[in-house]
Amino acid sequence: MPNLDPLTPKLLEPHNEKEPEVEYYQIPHESIDDIEEAVPKNDAGQTPSWAQPNGGRSHRLWVLAPWFLAAMCGKATRKQSKVTSTTYMNGIRGLACIIVYSFHVVSYYYQAFANPWGAAPAELNYGISQLPFVRIVLAGKAMVCLFFVLSGFVLAYSPLRTISARLSNSSSNTRSSDDLIGKLCSSMVRRGIRLFMPLIVLASITCIVTWYYPIFPPGTWRDNNQTFWGHIMGYISLTLPVMDPYLWSVYAPTSFNHCWTLGVEYRGSMIIFMLCVAVADLGKRCRKLVIAVSALWALHFGHWEVFCFMAGMFLAELRFNPLSEDFAFLTSNRRSWQPAPIEDLGLESSVRDRRHQLFKTAFFSGLLVFAIFVMGWPQGGHQGVEPYNTLVGLVPILYQGNNDATVCFWGSVGGFLLLVACENLPWVQWLLSTPPMIYLGDISFSFYLLHWLIYLAPGVEILKLFGDFGWSTDASFYTMYVIVFAMIVVVADYYWRLVDEPSVALGRILFNKVKAQKNEE
């Protein structure tokens with residue numbers, strides 16, 4: 001059982017203890033496509049012992065097996081990372097990937113779930129998955145918003161820590177400034193490699209699959225007697241716009257449509273890095289104010305994705321400069337007027353702390369429930385069903401134009417509130433920091449990239465096969481869902497180790513090759 005001590009909430013209380021830098025490099029705690037340090041290094045730049053092969057030939061053969069299988073058999077050549085205060089974000093990422101997979105699979109075969117429970121016609125809209133709160137298990141678009149919030153948090157975490165340390169210790173300003181510039185330079189150079197190398201590999205695999213399996217949606221891959229070389233050139237033209245940082249409109253490449261998020265992720269990353277530079281010399285309160293106003297400004301003008309990144313950055317800032325510090329004078333003034341006898345101080349403090357903790361747990365548990373509710377906003381619109389019909393009045397006019405915009409609004413706000421709640425609920429953090437959740441977070445980027453291809457190729461054929469056997473539609477679908485999920489986990493495990501982690505390592509190697517050396521003029 002993980003120790004709860006490292007998971008103590010830090011949002012509303014000062015976070016003064018210094019955690020070793022290497023702990024955060026050991027944990028791939030970025031968003032779905034943000035694993036910056038999946039292959040960790042120690043201070044000497046070497047791979048830690050836990051990530052190195054050990055044992056003889058039998059142990060090396062276990063490397064060929066999926067990691068989770070080798071781990072269950074005690075033959076794994078690497079161990080999971082140490083649990084820290086940010087490990088739970090791995091669990092959030094893992095669960096969110098499963099929800100995205102469920103959303104895409106269910107929406108492909110069953111459209112009615114987009115309607116709220118109780119909408120007309122009644123025979124189609126009384127499914128369990130349509131109930132409030134339960135809807136979160138199919139809230140794929142809201143999970144994308146949550147991914148962006150997590151990205152903003154993790155991308156800004158290290159630079160903001162450096163900024164806070166720099167401003168609190170005037171004697172090390174020069175060194176901290178150089179450290180900040182170095183971190184931002186490294187992140188900006190490596191970011192594109194880290195995001196787009198796995199995409200290029202996926203596009204190459206999909207190109208081959210669609211050539212030999214031309215009925216892959218939309219099913220027009222062999223039209224007009226196209227040659228294989230022409231097919232390859234077509235895929236190049238499909239892939240390149242995803243890597244266009246100046247394209248602000250959403251571009252969903254055919255046959256790997258879900259990868260539209262990578263282009264948004266890259267642009268959002270650059271915004272976070274630039275905002276870190278903008279607030280580097282600001283005071284604590286002013287820094288929080290600038291980040292918060294920038295986020296709300298983006299949301300006001302319809303850039304919900306930018307709001308998500310900045311909202312995550314705001315939460316990262318609260319790790320080092322909590323709101324309680326800004327309002328501490330209210331508490332101190334009130335207590336100064338109500339002195340207590342010395343012999344009662346210990347007892348009163350204990351009771352007060354216990355009441356404060358109970359209130360805090362109740363409040364943030366309620367906030368978590370509300371976030372789950374709004375993130376499950378029906379994609380088919382409120383359709384006059386309560387309480388959605390009432391809550392839609394709280395949605396800005398700009399986001400009421402279509403259902404997708406409304407879903408993105410509530411997904412963005414709900415994703416931010418959900419992370420706020422998780423930051424202050426140790427029991428939630430503990431659940432999300434268990435080994436299965438950490439593992440799902442480790443393979444989440446690969447899982448996300450591959451799920452579209454696997455459920456639309458072998459998944460479709462498996463469903464047809466069960467239908468040919470005379471199985472019912474429901475039995476065929478649920479069996480296919482489980483089989484495809486298992487296939488994605490296994491394939492994502494290999495993709496994680498063979499493509500994802502080497503992409504991270506490649507970015508690090510290339511940056512070390514091109515960065516200026518100290519003795520370079």
Kindly determine whether W377 and V392 satisfy side chain to side chain contact (heavy atoms under 4.5 Å, CB included), including the steps that lead there.
CA-CA 10 Å; W377 192 270; V392 75; 4.2 Å; yes
Counting C-beta onward and ignoring hydrogens, is there a side-chain heavy-atom pair between I462 and L465 closer than 4.5 Å?
no
Check this for me: F133, atom CZ, are more than 12 non-hydrogen atoms of other residues, nucleotides or ligands nearer than 6.0 Å?
yes
Residues 486-493, side-chain donor-acceptor partners within the protein, below 3.5 Å, at least two apart:
{"from": "D493", "atom 1": "OD1", "to": "W67", "atom 2": "N", "distance (Å)": "3.2"}
{"from": "D493", "atom 1": "OD1", "to": "R497", "atom 2": "NE", "distance (Å)": "3.0"}
{"from": "D493", "atom 1": "OD1", "to": "R497", "atom 2": "NH2", "distance (Å)": "2.8"}
{"from": "D493", "atom 1": "OD2", "to": "W67", "atom 2": "N", "distance (Å)": "3.0"}
{"from": "D493", "atom 1": "OD2", "to": "Y439", "atom 2": "OH", "distance (Å)": "2.4"}

Roughly how far, to the nearest 0.5 Å, is the CD atom of E305 from the OG atom of S412?
8.0 Å
Minimum heavy-atom separation for S151 and F309, please, with both atom names.
CB-CE2, 3.6 Å
S446 versus Y494, side-chain donor and acceptor atoms under 3.5 Å:
no
When you measure from the side chain of N424 to the backbone N and O of C422, does any donor-acceptor pair fall under 3.5 Å?
no
Nearest heavy atoms of K288 and N321, plus distance in Å:
NZ-O, 2.9 Å
Please report the C-alpha distance between Y101 and Y481 in whole Å, then the side-chain angles of each, then the deciding distance to 0.1 Å, and finally whether the ring pair (Phe, Tyr, Trp, His ring centres under 6.0 Å) criterion is met.
CA-CA 10 Å; Y101 161 68; Y481 177 94; 5.0 Å; yes
L394, CG: over 12 other non-hydrogen atoms inside 6.0 angstrom
yes
Supply the atom-to-atom distance F273 CZ to L275 CG, rounded to the nearest 0.5 angstrom.
11.5 Å
Take F103 and F113, measure what side chain to side chain contact (heavy atoms under 4.5 Å, CB included) needs, and give me the verdict at the end.
CA-CA 10 Å; F103 164 72; F113 87 92; 3.7 Å; yes
Quick one, V499 and M197 - any side-chain contact, counting heavy atoms below 4.5 Å?
no
Please evaluate residues V144 and W260 with respect to the criterion side chain to side chain contact (heavy atoms under 4.5 Å, CB included), reporting the C-alpha separation (whole Å), side-chain torsions for both, the decisive distance (0.1 Å), and the verdict.
CA-CA 11 Å; V144 171; W260 68 268; 3.9 Å; yes
By the definition side chain to side chain contact (heavy atoms under 4.5 Å, CB included), identify the one residue from L146, L440, V149 that meets it with I92.
L146
Shortest non-hydrogen contact from A203 to T239?
CB-OG1, 3.5 Å
Rounding to 0.5 Å, atoms CZ (F314) and CG (L289) come to a distance of 9.0 Å
Say you draw a straight line from CZ of F477 to OG1 of T479; how long is it, rounded to the nearest 0.5 Å?
10.5 Å
With a 4.5 Å heavy-atom cut-off, do L202 and C259 have their side chains touching?
yes
Name the orientation class of the two ring planes belonging to H451 and Y448 (parallel below 30°, tilted from 30 to 60°, perpendicular beyond 60°).
tilted
Looking at R267 and L247, would you say the former's side chain and the latter's main chain have a donor-acceptor pair under 3.5 Å?
yes
Heavy-atom check, side chain of W471 versus side chain of M480, under 4.5 Å:
no
Short side-chain to backbone donor-acceptor contact, S187 and L184, under 3.5 Å
no
Atom pair CE (M313) and CD1 (I272), whose distance is rounded to the nearest 0.5 Å
5.5 Å
For residues H258 and H104, is any side-chain donor paired with an opposing acceptor at under 3.5 Å?
no
Taking atom types as modelled, find out whether Q383 and Y388 have a side-chain donor-acceptor pair closer than 3.5 angstrom.
no
Which heavy atom of S433 sits nearest to which heavy atom of I438, and what is that distance?
O-CD1, 3.3 Å
Closest approach of G118 and V385, non-hydrogen atoms and distance?
C-CG2, 4.4 Å
Is there a side-chain contact between L425 and Y88 in this structure, where contact means two heavy atoms from C-beta onward sitting under 4.5 Å apart?
no
Are D244 and Y251 side-chain neighbours, meaning at least one heavy-atom pair lies under 4.5 Å?
no
Using a 3.5 Å distance criterion without hydrogens, assess whether the side chain of T87 forms a donor-acceptor pair with backbone atoms of T84.
yes
Among N115, N389, T390, exactly one meets side chain to side chain donor-acceptor pair (under 3.5 Å) together with H382. Which residue is that?
N389
What residue pairs, at least two apart or across chains, pass side chain to side chain donor-acceptor pair (under 3.5 Å) with a residue in residues 391-411?
K141-D404
Under 4.5 Å between any side-chain heavy atoms of N90 and L432, yes or no?
no
Is the closest side-chain donor-acceptor distance between T86 and R319 under 3.5 Å?
no
Can you give me the closest heavy-atom contact between R135 and P116, atom names plus distance?
NH1-CA, 3.8 Å
Side chains of E317 and V279: closer than 4.5 Å at any heavy-atom pair?
no
To the nearest 0.5 angstrom, please state how far the SG atom of C408 sits from the CH2 atom of W304.
4.0 Å
Return yes if some donor-acceptor pair links the side-chain N/O of T434 with the main-chain N/O of L431 below 3.5 Å, else return no.
yes
Worked check of side chain to side chain contact (heavy atoms under 4.5 Å, CB included) between F416 and F148
CA-CA 10 Å; F416 169 70; F148 293 159; over 6 Å; no
